[in-house]
Every structure is written in C-alpha cells, then in structure tokens.
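Shown next, in structure tokens, is the structure this report addresses.
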Amino acid sequence: MIVSIIGVGLIGGSLALSLRDSGLATHIIGVDQSFENQTKALSLNLVDEVADLTSSLSRADLIVLAVPMDAMLTLLPHVLDSVADHQVVIDVGSTKQKLLGCVEQHPRRARFVAVHPMAGTEYSGPEAAIQGLFQGKTLVICDAEHSDPAAVSRVGGIFEQIGMRLVYMGGAAHDLHTAYISHISHITSFALALTVLNKEKEEQQIFDLASGGFESTVRLAKSSPDMWVPIFRQNRLNVLDVLSEHLRQLQHMKDVLEQEDYPAFHQLIEQANLIRKILK
C-alpha cells in the first residue's frame, strides 16, 4: 500500500512509523508546506520521499490529512476532487461536524472516512513522532454510514492492525464528547499556566519550586496554538458549554473554601474520590 501523508507532524509522523512497522505501507510519501519539516521527515525516516500535493495524490492508495483544522476545511474538498474509486481519504482531526458539513454534498464523499485517533502528546513537528503511539488507544470513526462500506472496513482494519480499538459515532456526538474529555483539558492547562505567570512575577521562583504535580497539570499548555486555536474555534459551542460547567464547579469549590465548613470539605473529598475512580 502506498500512503500519502499530508502534514508530517506528531500524528502524521507517528502514523507513518506505525504503518511502516506493521508492514502495511510499502512506500510513504510526505507532503508538508514547511521545507524544514520535509527535511526532518526524511532524515528521521518517517517517509520514503517528499513530494508536492498533486504528485502524491496521483500515486497513493491511502491519503491521510494531518493538517490544522482550518486548513483541513479547504484541503479536504480539493483532495476529494482528485481521488479515484480505488483510493481512500482519511483525516485525523480533533473536530468533525464542520469538516463533515463542508463535504456533505461532494460527489466523492464516499471515498472519505472521518477518523480521530485518540492519542497524542503536547509536542509537535516531525521530531515529536513516536513509535507505538496508537497501540491500545481508541480510534473514533464518524458518520461511517456516509462512506463507502468497503472503505470503512479497510480503514478500520488498518487501524486495528496497528493496535487501536474502534468506536463508531456521529460527528456531532464526537465533538460534544471530545469537548468534555479532551478540549477542556487543554483550555484549563493554558488558563492555569497563564494564572501562575500573572500572579508569580518571579519566573525563576516557578522553575525553582515547581515539581511533578504542577508540571503534569500544565503539560498541555506546551501544545501548539496553531493547532489548538482552530479546534476551539470549530467546536466553539461545545467548548463554551463545558467551560461554563467547569466554572460552576470552580465557583462551588471557592464557596466551600470561603465557608470553612468541614462537612463541605468532606463533600469535596467525596467528589475527588469519584473522579479518581472514573480516571482509573
């Protein structure tokens, strides 16, 4: 199978490694607007060659779109304009509803399978690619009923062979659930990091005193704004909903602390233990 990966960063690069290690890909073509990323992808052996978009589309059996979500809205229709019946196109984006809407009436819509591998780190770029990143993780396949059944089966089989579990849901449901389990984590990480920087004026004090707890809590604040701002924008209503609930919970905790009410503190402990059970 010849694979074209458009956007050779963390997810695109990690997928290239998994497809190569599993023997699924016989040849991997990298496409990236950044010459630096192209050079790194080649030097790290993530891809076998780099090429322009047109050339890569004409030769690939599987086409992977791994670019920021705003760019995806323009790129996906353009790619579908060029694909043949034997080719399959997938995206690996973190929001789906707006993307699915922009190709809903496209004559080649059936060649597209919308997927979201629930895996990643706070790092970006080709050097962030990790072997085995998807092993044991979940792949969400969205609106599968609008894709060619053989294409859906083929994509599902590929990701199962690199160790992923498959979950099927609609694009709207996907965006709602990812707002609660993924997008809010990034927002609160950004917010906490900014809060500390605003209150703690001595930056060296942060480095001297911060330990594992703080570092793990704000880890996601290292994520690329170029990637996450479009995600927040496209999933704005769901993100606002979860953010409102988060603010209500913070206000409740603030109220408890102001009361100096021991039963209320026990309630917080019970809630914290419930969260621990959910996360286990």
Side-chain angles (χ1 to χ4, degrees), residues 4-7 9-12 14-15 62-81 83 87-121 124 133-134 137-160 162 164-187 220 223-243:
S4 174
I5 298 180
I6 305 170
L10 165 65
I11 299 299
S14 297
L15 184 56
L62 176 68
I63 300 163
V64 180
L65 309 186
V67 300
M69 290 308 305
D70 281 356
M72 196 87 75
L73 297 177
T74 303
L75 179 62
L76 177 58
H78 174 72
V79 169
L80 288 178
D81 288 341
V83 298
Q87 294 176 300
V88 177
V89 181
I90 66 172
D91 79 301
V92 292
S94 295
T95 62
K96 289 291 182 266
Q97 201 168 6
K98 191 168 184 178
L99 182 66
L100 288 163
C102 82
V103 294
E104 184 177 7
Q105 302 300 322
H106 197 286
R108 308 297 292 166
R109 167 65 181 86
R111 305 314 306 161
F112 171 57
V113 181
V115 305
H116 180 194
M118 303 295 291
T121 72
S124 58
L133 177 66
F134 306 105
K137 303 298 196 310
T138 297
L139 179 83
V140 184
I141 301 179
C142 294
D143 286 11
E145 66 275 12
H146 297 298
S147 303
D148 179 78
V152 174
S153 177
R154 184 178 177 188
V155 170
I158 288 170
F159 280 95
E160 283 184 321
I162 63 172
M164 300 199 79
R165 303 182 296 266
L166 306 184
V167 172
Y168 297 84
M169 64 176 61
H174 166 274
D175 287 2
L176 175 64
H177 295 313
T178 54
Y180 275 87
I181 65 170
S182 173
H183 301 169
I184 187 61
S185 301
H186 285 80
I187 286 179
L220 295 176
S223 300
S224 169
D226 291 336
M227 181 181 75
W228 277 98
V229 168
I231 292 171
F232 296 150
R233 186 161 48 229
Q234 289 188 28
N235 204 21
R236 183 175 64 88
L237 294 180
N238 287 324
V239 169
L240 285 173
D241 177 61
V242 66
L243 189 56

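Reckoned from all heavy atoms, side chains included, excluding hydrogens, waters and symmetry mates.
- Between the CD1 atom in Ile162 and the CG atom in Leu15 there is a gap of 5.5 Å [rounded to 0.5 Å].
- At least one side-chain heavy atom of Met169 sits less than 4.5 Å from a side-chain heavy atom of His174.
- For the pair Val92/Leu65, no side-chain contact is recorded, criterion being any heavy-atom separation below 4.5 Å from C-beta on.
- Annotation: the span from Ile6 atom CD1 to Leu75 atom CG amounts to 5.0 Å, rounded to 0.5 Å.
- Across every non-hydrogen atom of Gly93 and Met69, the tightest pair is CA-SD, 3.5 Å.
- A donor-acceptor pair under 3.5 Å links the side-chain atoms of Arg111 to the main chain of Gln87, judged by distance alone.
- The closest side-chain heavy-atom distance from Thr178 to Thr95 is not below 4.5 Å.
- Considering only residues two or more places apart in sequence or on other chains, Thr138 meets the side-chain hydrogen bond (donor to acceptor under 3.5 Å, both in side chains) condition with Arg165.
- Taking 4.5 Å as the limit, every side-chain heavy atom of Arg108 sits out of range of all side-chain heavy atoms of Val103.
- Among Val64, Leu62, Ile158, the single residue meeting the side-chain contact (heavy atoms from CB on, under 4.5 Å) criterion with Val88 is Leu62.
- Taking each heavy atom of His106 and Pro77 in turn, the nearest pair found is NE2-O, 3.5 Å.
- Atoms CE and CG, from Met72 and Asp91 in turn, are 4.5 Å apart once rounded to the nearest 0.5 Å.
- To the nearest 0.5 Å, atoms CG (Asp81) and CG (Leu76) are separated by 9.5 Å.
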Return all side-chain donor-acceptor pairs below 3.5 angstrom for residues 140-149, not counting sequence neighbours, or 'none' if the list is empty.
from	atom 1	to	atom 2	distance (Å)
Asp143	OD1	Gly171	N	2.9
Ser147	OG	Arg109	NH1	3.1
Ser147	OG	Phe112	O	2.5
Asp148	OD2	Ala150	N	3.1
Asp148	OD2	Ala151	N	3.1

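- No option in Leu139, Val152, Leu166 other than Leu139 meets the side-chain contact (heavy atoms from CB on, under 4.5 Å) test with Val115.
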